[in-house]
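For reference, the structure discussed in these notes is given below.
Predicted, not measured: the structure shown is a model, and the values here were computed from it. Values below: every heavy atom of this structure, side chains too, minus hydrogens, waters and symmetry copies.
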Amino acid sequence: MRKAQKTQIEETFALMGKAHEEIRRQIADGNRENVLRLLNDCQEGAIQAGNLIEQIEGEDAPSIGKIEEYCEACYRVYENVSEGNEQNPSGVYRLLQKALAAMDSSVRLTVPVRLEIAFFCYKASMSDSLESIYFAAKEDPACDAYFIPIPYYDKYPNGAFGEMHYEAEGCYPDTYELVDWEKYNVEQRRPDIIYIMNPYDNGNMVTSVHPDFYAERLRNLTDCLVYVPYNISLTTPGPEKAAAPGVLFSDLMFVQSDCIRDAYIENFLKINDFEGLTPKVAREKIISMGSPKLDKLLHSDKTDHALPEEWRKITDPRGKEKKIVLYNLTLRNMLGMTLNGVDGYLRKLRSVLEFFKKRQDIALWLRPHPLMQQTFDSMRPQLSGEYRKLIADYKDEGWGIYDDTPDMNRALIWADAVYGDVASLGTLAEFLGKPVLVRCIENAGNEPEEAGSQEAVRNAMDAFISKEQPDSYMMPEAEGVTEGSRFSMADFFGHLDVILEYRTGQMEKFRSRFANSDGTSGRKIHEYTTSLLRKSRGEQV
């Protein structure tokens with residue numbers, strides 16, 4: 001039973017108690033018709049409460065018996081009054097109050113309050129940021145969990161909304177029970193808890209979720225609005241992230257580590273014009289509890305992510321498996337490297353594709369950010385056609401994988417290594433013990449093609465590790481040959497087996513930086529949120 005429903009029953013019982021006092025007075029005054037009317041109203045209120053409890057909890061609910069006893073007490077008094085039998089006002093009052101107290105106590109103690117929890121997600125490829133919380137809520141017998149894909153819009157450079165997109169059926173695994181956003185009336189249902197993964201409202205220049213699902217609006221339609229970031233980052237958030245609507249208007253925000261929490265709190269407190277903002281509020285709002293994205297990775301393997309047959313022909317031609325390199329393209333890096341029409345980013349993309357095209361020992365898995373083409377169209381229209389052609393040619397030639405599916409985890413699970421932009425995908429790769437080489441834009445078209453010695457690669461790995469980098473397994477590409485702690489592409493991928501020898505130590509070092517890196521973040525976030533809400537309502541936990 002929802003909290004509002006139980007509250008309504010409790011309020012009905014309170015009114016019945018007041019009616020009992022009036023019944024006592026009316027009996028004393030001899031107003032038989034008023035007494036009968038009040039008794040009928042009390043009995044009707046109890047019957048309605050019983051019907052609701054039976055509908056939700058079943059006909060065997062313990063409180064049904066106490067409700068029936070109350071109705072019988074009302075009926076006995078009703079019969080005596082209607083037959084003209086003289087009644088003791090105080091005796092009738094005590095009889096009805098005793099039955100009411102037993103009924104009220106039974107409902108309070110035996111009818112559990114079920115929490116309704118709504119999850120709003122606009123991109124299927126980002127649903128892993130909520131997935132393990134959703135599954136924990138689904139498995140909780142005291143909760144009703146609803147996963148609601150919501151629409152989003154492309155945005156033109158002037159900020160106007162463009163085409164609407166809606167990723168729902170067919171975009172999610174069968175383990176999700178999806179609810180149509182147009183059939184879930186959030187204003188009427190007022191879920192106890194709402195989870196969101198997009199913090200920007202209208203502040204994103206490329207896309208916007210439907211305005212009905214802006215954080216500023218949702219906070220007024222639930223008792224607990226929870227924001228869970230859709231990305232993983234090792235760079236501490238700046239003031240602009242702390243000022244995002246999802247951070248400002250949420251009641252709770254869960255982050256991956258204590259370090260990220262401290263940075264959010266510090267920047268959050270610098271916002272001077274947000275009502276009610278205090279250090280205590282910030283500390284209670286922002287909680288370090290890990291990330292559901294990491295839960296998803298830890299609970300996945302290749303058997304969960306079968307490859308299409310055409311991809312298998314690329315990764316395993318003639319039964320000889322190739323090493324798989326995941327090439328990651330991100331919006332932030334693209335936008336930063338294409339300012340004022342400079343096309344260094346595209347020159348690098350072109351040269352990297354040529355590099356891997358020549359490699360017979362490596363299968364390239366190209367996965368751009370899902371909004372890459374839309375972002376070129378919206379914010380770099382002068383380069384949009386060139387990017388479109390590069391991707392079209394790559395797909396037509398068919399020598400590598402092009403992945404624009406929502407399932408980022410499949411790429412991470414299958415990859416042996418990652419190349420490309422610094423981004424949360426690389427961080428997730430490190431978490432799995434997959435080495436990452438961060439591209440160097442300056443050497444576009446001049447990357448060394450011949451690998452050096454294994455000894456040079458080991459020396460570079462040792463030099464990298466000696467620096468105690470926060471990114472334990474994310475190495476920088478050298479502008480030329482491997483030198484110091486920087487690697488040429490030819491050395492890194494030509495001697496990948498050497499670099500993988502360091503996997504266990506670097507992975508363990510990296511995982512130690514995250515809260516709940518054992519795959520329990522989602523369950524613990526669910527338990528924390530529901531427990532906190534129930535305590536705030538005075539309910540048993």
Ignoring hydrogens and geometry, is there a side-chain-to-backbone donor-acceptor pair from [X] to [Y] under 3.5 Å?
{"X": "Ser424", "Y": "Thr427", "answer": "no"}
{"X": "His495", "Y": "Gly452", "answer": "yes"}
{"X": "Ser129", "Y": "Met126", "answer": "yes"}
{"X": "Ser378", "Y": "Lys155", "answer": "yes"}
{"X": "Arg503", "Y": "Leu432", "answer": "yes"}
{"X": "Asp128", "Y": "Pro292", "answer": "no"}
{"X": "Asp407", "Y": "Asn409", "answer": "yes"}
{"X": "Asn516", "Y": "Met289", "answer": "yes"}
{"X": "Thr222", "Y": "Pro191", "answer": "yes"}
{"X": "Arg261", "Y": "Arg283", "answer": "yes"}

Check whether more than 12 heavy atoms from other residues, nucleotides or ligands sit under 6.0 Å from atom [atom1] of [X], and answer yes or no.
{"X": "Glu501", "atom1": "CD", "answer": "yes"}
{"X": "Glu450", "atom1": "CD", "answer": "no"}
{"X": "Met507", "atom1": "CE", "answer": "yes"}
{"X": "Gln373", "atom1": "CD", "answer": "yes"}
{"X": "Arg537", "atom1": "CZ", "answer": "yes"}
{"X": "Lys280", "atom1": "NZ", "answer": "no"}
{"X": "Glu455", "atom1": "CD", "answer": "no"}

Query raised in the report: For Tyr394 and Trp399, what are the C-alpha separation, side-chain angles and deciding distance, and is it a ring-ring contact (aromatic ring centres under 6.0 Å, His included)?
Result: CA-CA 8 Å; Tyr394 173 74; Trp399 55 269; 5.1 Å; yes
Distance check, rounded to the nearest 0.5 Å: [X] atom [atom1] versus [Y] atom [atom2]?
{"X": "Cys143", "Y": "Ile193", "atom1": "SG", "atom2": "CD1", "result": "6.5 Å"}
{"X": "Arg347", "Y": "Met337", "atom1": "CZ", "atom2": "CE", "result": "11.0 Å"}
{"X": "Leu496", "Y": "Ile362", "atom1": "CG", "atom2": "CD1", "result": "7.0 Å"}
{"X": "Ile324", "Y": "Thr315", "atom1": "CD1", "atom2": "OG1", "result": "5.0 Å"}
{"X": "Asp223", "Y": "Leu532", "atom1": "CG", "atom2": "CG", "result": "11.5 Å"}
{"X": "Tyr176", "Y": "Ser127", "atom1": "OH", "atom2": "OG", "result": "3.5 Å"}

Report, one line per pair, each donor and acceptor closer than 3.5 Å where one atom sits in a side chain of residues 252-260; sequence neighbours left out.
unit_1 : atom_1 : unit_2 : atom_2 : d
Gln256 : OE1    : Ser233 : N      : 3.2
Gln256 : NE2    : Ser233 : O      : 2.3
Ser257 : OG     : Ile260 : N      : 3.3
Asp258 : OD1    : Ser288 : OG     : 3.0

How close do [X] and [Y] get, heavy atom to heavy atom, and via which atoms?
{"X": "Asp471", "Y": "Glu430", "value": "OD1-OE2, 3.0 Å"}
{"X": "Ala429", "Y": "Val436", "value": "CB-CG2, 3.9 Å"}
{"X": "Ala215", "Y": "Phe249", "value": "O-CB, 4.0 Å"}
{"X": "Pro211", "Y": "Tyr153", "value": "CD-CE1, 4.2 Å"}
{"X": "Ser125", "Y": "Pro370", "value": "OG-CG, 3.9 Å"}
{"X": "Thr482", "Y": "Ser488", "value": "OG1-N, 3.0 Å"}

Suppose we call two aromatic rings close when their centres sit under 6.0 Å apart. Are [X] and [Y] close by that rule?
{"X": "Trp181", "Y": "Phe120", "value": "no"}
{"X": "Trp365", "Y": "Trp311", "value": "yes"}
{"X": "Phe492", "Y": "Tyr419", "value": "no"}

Query raised in the report: Should the pair Arg189 and Tyr146 be classed as cation-pi, given the thresholds of under 6.0 Å to the six-membered ring centre and 45° from the axis?
Result: yes
Report task. Would you verify whether the NZ or CZ of Arg511 falls within 45 degrees of the ring axis of Phe431 while also being under 6.0 Å from that six-membered ring's centre? Result ->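 So Arg511 does make the cation-pi contact.
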Under 3.5 Å, is there a donor-acceptor pair between the [X] and [Y] side chains?
{"X": "Lys123", "Y": "Asn198", "result": "no"}
{"X": "Asn443", "Y": "Glu479", "result": "no"}
{"X": "Asp403", "Y": "Thr405", "result": "yes"}
{"X": "Tyr172", "Y": "Glu167", "result": "no"}
{"X": "Asp421", "Y": "Tyr345", "result": "yes"}
{"X": "Tyr195", "Y": "Thr529", "result": "yes"}
{"X": "Arg380", "Y": "Thr375", "result": "no"}
{"X": "His526", "Y": "Asp140", "result": "yes"}
{"X": "Lys467", "Y": "Ser485", "result": "yes"}
{"X": "Tyr502", "Y": "Asp462", "result": "yes"}

**Report entry** Given Glu442, Glu354, Glu447, the one that forms salt bridge (Lys or Arg N to Asp or Glu O under 4.0 Å) with Lys348
**Finding:** Glu447
Report task. Output, in order, the C-alpha distance, side-chain angles, deciding distance and verdict of salt bridge (Lys or Arg N to Asp or Glu O under 4.0 Å) for Lys322 and Asp361. Result -> CA-CA 5 Å; Lys322 296 182 176 183; Asp361 57 332; over 6 Å; no
Query raised in the report: Could you go step by step and tell me if Lys313 and Glu309 meet the salt bridge (Lys or Arg N to Asp or Glu O under 4.0 Å) rule?
Result: CA-CA 6 Å; Lys313 293 176 181 177; Glu309 184 58 33; 5.4 Å; no
Query - Validation row: Asp192, Ile117 side chains within 4.5 angstrom (heavy atoms) - result: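 A side-chain contact under 4.5 Å is absent here.
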For [Y], is there an ion pair with [X] - N to carboxylate O distance below 4.0 angstrom?
{"X": "Glu177", "Y": "Lys138", "result": "yes"}
{"X": "Asp416", "Y": "Lys323", "result": "no"}
{"X": "Lys296", "Y": "Glu131", "result": "yes"}

Query raised in the report: By side-chain hydrogen bond (donor to acceptor under 3.5 Å, both in side chains), which residues pair with Asp304, not counting sequence neighbours?
Result: none
Query raised in the report: Can you check salt bridge (Lys or Arg N to Asp or Glu O under 4.0 Å) on Lys358 and Glu449, steps first, answer last?
Result: CA-CA 9 Å; Lys358 298 173 185 176; Glu449 296 185 5; 3.1 Å; yes
Requested in this report: Quick one: list whatever passes ring pair (Phe, Tyr, Trp, His ring centres under 6.0 Å) with Tyr214, sequence neighbours left out.
Outcome: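 Tyr214 satisfies ring pair (Phe, Tyr, Trp, His ring centres under 6.0 Å) with no residue once adjacent residues are dropped.
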